[in-house]
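Each remark here refers to the structure printed beneath this line.
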Amino acid sequence: MKYHKLTENAVKPTGFWGRLMIRSMNKGHQNITDWALSYFDVQNGNIVLDIGCGGGRTVNKLCTAVGSGKVYGVDYSELCVKKSLELNRKNVLCRKAVIEQASVSELPFEDNTFDKIIAVETYYFWPDKLNDLKEVLRVLKRGGQLMLVFEMLFDEQDPDKWTAVEKRLDIQAVREEDIQNMLRDAGFINIETYTKEGTSWLCAVGEKEVL
Ligand SMILES: C[S@@+](CC[C@H](N)C(=O)[O-])C[C@H]1O[C@@H](n2cnc3c(N)ncnc32)[C@H](O)[C@@H]1O
């Protein structure tokens with residue numbers, strides 16, 4: 001029962017269980033996020049966006065990576081925005097980090113704003129994946145990159161591995177090929193995917209074409 005209350009709050013954290021979930025995500029997603037970021041060339045001066053920023057741990061990490069740059073975080077959960085603001089208080093105060101409540105489907109940014117965009121363990125919940133990816137592409141600079149990170153990769157050898165959580169949260173584990181196709185259909189180019197042996201982790205990187 002407690003476990004169910006906790007997992008249900010991965011979708012849009014609220015209240016007591018949401019706070020516990022945020023704490024657990026900040027801790028539990030550290031390793032996969034650090035692994036994925038090793039494939040993402042975040043540079044000094046970059047303007048970066050974290051979509052579905054949860055408790056703000058990735059925003060915090062990116063603030064170090066961008067040096068003189070700037071990091072934005074968005075999440076549609078009011079509680080996540082509050083917790084991300086708390087965790088990144090110093091960087092928010094000096095305007096190096098900006099955290100806003102927003103849905104991926106309607107990002108409150110101009111076209112061609114970001115050098116890099118990351119989305120960790122959130123894509124499963126996006127309501128209209130193809131159009132949401134097109135919305136992400138819109139705010140990415142030409143030549144900029146999006147990274148999607150997943151810990152629920154479908155396993156051919158163990159097809160029921162994720163069934164319980166899929167049913168409970170009404171989501172689906174991802175297949176590498178489907179993610180590649182989706183990114184391509186949304187207009188991304190130079191798509192690369194990475195997996196880590198012994199885990200069910202996947203990260204995918206796509207680029208916005210330079211005209
Ligand atoms: C499993 S949590 C991951 C949080 C964080 N990225 C991390 O790795 O710890 C999923 C997050 O995505 C957010 N989210 C889900 N759907 C969203 C949407 N349509 N737009 C913005 N955020 C969304 C949730 O509120 C939640 O904070």
Do [X] side-chain atoms and [Y] backbone N/O form a donor-acceptor pair below 3.5 Å?
{"X": "K116", "Y": "D41", "result": "yes"}
{"X": "D75", "Y": "G54", "result": "yes"}
{"X": "E166", "Y": "A173", "result": "yes"}
{"X": "K208", "Y": "G143", "result": "no"}
{"X": "E151", "Y": "S200", "result": "no"}
{"X": "S84", "Y": "C80", "result": "yes"}
{"X": "R184", "Y": "N190", "result": "no"}

query: Are any non-hydrogen side-chain atoms of L37 and L62 less than 4.5 angstrom apart?
result: yes
- prompt: Can you name the one residue among V71, V98, V59, L85 that meets side-chain contact (heavy atoms from CB on, under 4.5 Å) with V92?
  reply: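 That would be L85.
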If you look at every heavy atom in [X] and [Y], which pair is closest and at what distance?
{"X": "C63", "Y": "N91", "value": "CB-ND2, 3.4 Å"}
{"X": "D132", "Y": "S105", "value": "OD1-OG, 2.9 Å"}
{"X": "P108", "Y": "E100", "value": "CG-OE1, 3.5 Å"}

- request: Step through the shown structure and confirm whether more than 12 heavy atoms of other residues, nucleotides or ligands are within 6.0 Å of CD on Q172.
  value: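 It does not: Q172 CD has 12 such atoms or fewer within range.
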message: Could you measure the distance from the CE atom of M147 to the OG1 atom of T33? Nearest 0.5 Å is fine.
response: 10.0 Å
- request: Measure up the Y194 and Y39 rings against each other and bin them: parallel (under 30°), tilted (30 to 60°), perpendicular (over 60°).
  value: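 Rings of Y194 and Y39: parallel, as their planes differ by under 30°.
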message: Would K12 pass as a cation-pi partner of Y76, given that its NZ or CZ must be under 6.0 Å from the six-membered ring centre and within 45 degrees of the axis?
response: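 Flagged: K12 positioned over aromatic ring of Y76.
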message: Is there a side chain to side chain donor-acceptor pair (under 3.5 Å) between N88 and K96? Walk through the geometry before answering.
response: CA-CA 9 Å; N88 292 281; K96 180 167 184 165; over 6 Å; no
